[in-house]
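Excluded from the calculations below are hydrogen atoms, water molecules and symmetry mates; all remaining heavy atoms, backbone and side chain alike, are included.
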Amino acid sequence: MRKVRRILSVICMLSLVLGAVPVFGAQKEPVAVIYYTNDIHGVYENMAKIKALAEKEDAILVDAGDAIQGSIATTLTKGQAMVDVMDAVDYDVQIPGNHEFDFGMDRFMEIDRLRDYVCVNLKTLDDGKLVMEPYKIIDADGDPSTEDDQIAFVGAVTPLTIGSTTPAFFQDENGDWAYTFLSDGTGEELYNAAQEAIDAAKNEGADYVICVGHLGEELGTNPYMSSDLIRNTVGFDALIDAHAHDIVEEKWVKDKNGEDVLMTQTGTKLAYVGRMEIASDGTISARLIDVATLTETDPEVQAVVDQIAEQINEVSLAVIADSEVALQFNDPVTGKRLIRHAETNLGDFITDAYRGVLGTEIGMANGGGIRANVEIGDVTNGDLIAVHPFGNTMCIAEVTGQQILDALEMGVMFYPGESGSFLQVSGLTYELHSYIPSGVKLSAEGDFLGVDGEYRVKNVMVGGEPMDVNKIYTLGSHNYLLQSGAYTMFNDAKILRDEIMPDNEALITYIKDNLGGVLKADGYENPYGAGRITVVDEAPVDASAKVTRGLAVKMLYELEMEESAATADAVRWAKENGIAAGYTDGTFGENDLVTRQQMATFLHKYAMYKGIDVSVGEDTNILSYDDFMEISDYAFPALQWACGSGIMKGRTDGTLDPRGTIIYSEAQWMIRNYEGM
């Protein structure tokens, strides 16, 4: 095989400027052009543009999974709408993403019939056979009778699929596992299956081998990340990735032999389409095209799109409420997904709806099941179906406080990274002590096994009272959370009511019946939620612990902020406002211990920063202390003020001990005295 290298040419740069189709001029025609999509999640409206784009260059068309679920149309048709559109587009290669199975394995097999699907790691357990072919070889010019290059596409879906959809879908009528995604916990089974497919494809005549992987690079998914697969195999020329919703134009990862492999991903919901080119010299490049800039459409595909839109709009566009506030799925500042690692006002609203409609003490919703914002203004059926596109059904269960604690702990196991199991809550509050390493243990399928060590979740309050781990509480959620199997802590929970209504219908009902058709800002005005989840990033300080420079300025900064603060932020604030300067070498000495005179100086400068009169105490006779000669010149004004104001006092032995190291309880005593001046 030709060695794959990265070459940046003037022609490639011009193609970015001149539009979707590159200008080759005198250059040789490429061996092949591949257009690729991933994580479309049911956004079918622009698919006619993709067809027109690919046809213009007679390109190979590839999808990397999570296409048939995630929108109003796919929810109402259980995926059929997207299947019809993709059939019209005529994809050459597809792989299943984990959400291809959200309507059940039987439904997946029924509506997709495995057309053009490839996957190396979905097998039936009874006979060990692959459910679909591991790879597909496509002739570069579409004519197998010619001697053109052959391109093999090898499919791989995350082995964590069972834990990220409904595990029961992969079991038989006796509750025994019927399928496996090769989730051995080490990645070796996946790597070996992929390597076998690479070798077989080459033996069959493939000149290039491209992995189409629904794997991603999310924290906590190793050893099944796309980069893990590349590093543990030999022979991939490129990897078209999915699952993480990342926008990656070109990233280079070395394989097991040290060869560079191109990795690329288009984000989600068809915001971009990828264009990969295999040049005549064997080099491979990729770039992303903003779908909003495309103007040409394929009329046949557009006709299918229009027909689906007409059928869906009558239901989805019906206005059911008015919202005074934008409920956030993404961070409104960064635009990045927030719901899977932080409280949001959308999460608060959803769990309030669960609790309000079901009449339970607690409401819980996993972040992975929440998929869209709710904007200010008219709220339609479609808006709320888009928030909850999976069609899970609501349940009420009796659970113990310990089961609640375990569920919360599982939710924060990958924090600050994302996790679909991160729980939004109503009726309870808790602290997440992120400095404690997660002790959650999972099975190879991603099921909860237990907690080894200290819990990160602390101080859980239910209804304003400390939660009792032995007490029974009523919990309102959906069948995925309470009965799917991944949250094994709920396996023996008593289900009081089952299949009450779809989860999106619970949201609709709550707005109509409980809120009078108006989603008011009161209580939901903060996009980052109402403070139900408090993150504690640093361990509590022992009263007898010696104070460092970093801790000293953090204590003062928290006076300013009136809340817990990060040390790095406090250091930056202290330097910017002249409260604590760094050293001449540019460092701050964050871990250096603080003396009593230094603490007094920090407080003195903080008081001046706050505009407080520090002349009080100038007449204090600090020379009366036995050790006054040890006072540094810079500290005299601060000590005069601190001692004269009652903020600081000498030791019982008649000394001031200015150079003695101060402990936390002393520093806190000084700060309290300052506050009481």
Side-chain angles (χ1 to χ4, degrees), residues 36-41 62-67 69 93-102 117-123 130-132 134-135 152-165 179-198 209-256 261-268 274 276 286 337 340 368 414 417-420 442 444-446:
Y36 53 96
T37 55
N38 62 266
D39 297 285
I40 296 173
H41 283 295
V62 175
D63 182 74
D66 276 8
Q69 168 279 336
V93 180
Q94 292 177 254
I95 68 165
N98 55 299
H99 289 299
E100 250 68 57
F101 306 102
D102 280 348
Y117 274 82
V118 291
C119 184
V120 300
N121 65 311
L122 173 55
K123 293 184 175 182
L130 285 168
V131 173
M132 55 200 80
Y135 63 88
F153 294 90
V154 175
V157 62
T158 175
L160 298 175
T161 290
I162 288 177
S164 58
T165 183
Y179 297 92
T180 177
F181 288 86
L182 305 185
S183 54
D184 61 354
T186 68
E188 289 300 321
E189 288 186 357
L190 172 65
Y191 310 152
N192 292 338
Q195 191 64 62
E196 288 177 10
I198 294 169
V209 181
I210 296 173
C211 180
V212 187
H214 197 87
L215 300 168
E217 292 283 285
E218 289 182 318
L219 181 67
T221 60
N222 58 303
Y224 306 126
M225 296 190 296
S226 45
S227 57
D228 293 326
L229 180 60
I230 292 172
R231 294 187 186 104
N232 288 279
T233 54
V234 177
F236 281 132
D237 295 294
L239 188 150
I240 296 169
D241 201 14
H243 189 48
H245 297 188
D246 291 331
I247 298 173
V248 181
E249 190 161 59
E250 285 188 337
K251 180 179 179 181
W252 298 86
V253 180
K254 292 190 180 298
D255 70 7
K256 198 172 183 179
V261 177
L262 170 65
M263 191 163 70
T264 180
Q265 187 177 170
T266 70
T268 185
M276 182 178 291
R337 187 164 56 188
R340 296 188 181 201
F414 295 129
E418 288 193 345
S419 173
L442 302 177
E445 291 77 27

Can you measure from [atom1] ([X]) to [atom2] ([Y]) and round to the nearest 0.5 angstrom?
X      : Y      : atom1 : atom2 : result
Gln69  : Asp39  : CD    : CG    : 10.0 Å
Asp237 : Leu262 : CG    : CG    : 9.5 Å
Thr266 : Tyr36  : OG1   : OH    : 7.5 Å
Asn38  : Gln94  : CG    : CD    : 12.5 Å
Leu442 : Ser183 : CG    : OG    : 11.5 Å
Leu215 : Ile240 : CG    : CD1   : 12.5 Å

Checklist line | Given Val62, Val209, Ile95, the one that forms side chain to side chain contact (heavy atoms under 4.5 Å, CB included) with Phe153 | finding: Val62
Checklist line | CA sep, side-chain torsions, deciding dist, call: Lys256, Tyr191, side-chain contact (heavy atoms from CB on, under 4.5 Å) | finding: CA-CA 11 Å; Lys256 198 172 183 179; Tyr191 310 152; over 6 Å; no
So which heavy atom on [X] is nearest to which on [Y], and how close?
X      : Y      : answer
Ser226 : Glu217 : OG-OE2, 2.9 Å
Val261 : Leu239 : CG1-N, 4.3 Å
Phe181 : Pro159 : O-CB, 3.5 Å
Gly185 : Tyr224 : N-OH, 2.6 Å
Asn98  : Asp102 : O-OD1, 4.1 Å
Val118 : Pro96  : O-CD, 3.9 Å

Notebook entry, point to check: Is the ring centre of Tyr179 less than 6.0 Å from the ring centre of Phe101?
Noted result: no
Check: Parallel, tilted or perpendicular for His214 and His243, by the 30°/60° rule?
Finding: tilted
Checklist line | Verdict with supporting geometry, Ile210 and Met276, side-chain contact (heavy atoms from CB on, under 4.5 Å) | finding: CA-CA 11 Å; Ile210 296 173; Met276 182 178 291; 3.9 Å; yes
Please answer whether the main-chain N or O of [Y] pairs with a side-chain N or O of [X] as donor and acceptor at a distance below 3.5 Å.
X      : Y      : result
Glu100 : Gly97  : yes
Gln265 : Asp246 : yes
Glu250 : Ala286 : yes
Asn121 : Thr158 : no
Gln195 : Val234 : yes

Note to self: Show, in sequence, the C-alpha distance, side-chain angles and deciding distance for Val248 and Met263, and conclude whether the side-chain contact (heavy atoms from CB on, under 4.5 Å) test is met.
What the structure shows: CA-CA 8 Å; Val248 181; Met263 191 163 70; 5.6 Å; no
Margin query: Under a 4.0 Å threshold between the charged nitrogen and the carboxylate oxygen, would Glu189 count as salt-bridged to Lys123?
Written below: no
Note to self: Could you check whether any side-chain heavy atom of Ile198 comes within less than 4.5 Å of a side-chain heavy atom of Phe236, counting everything from C-beta outward?
What the structure shows: yes
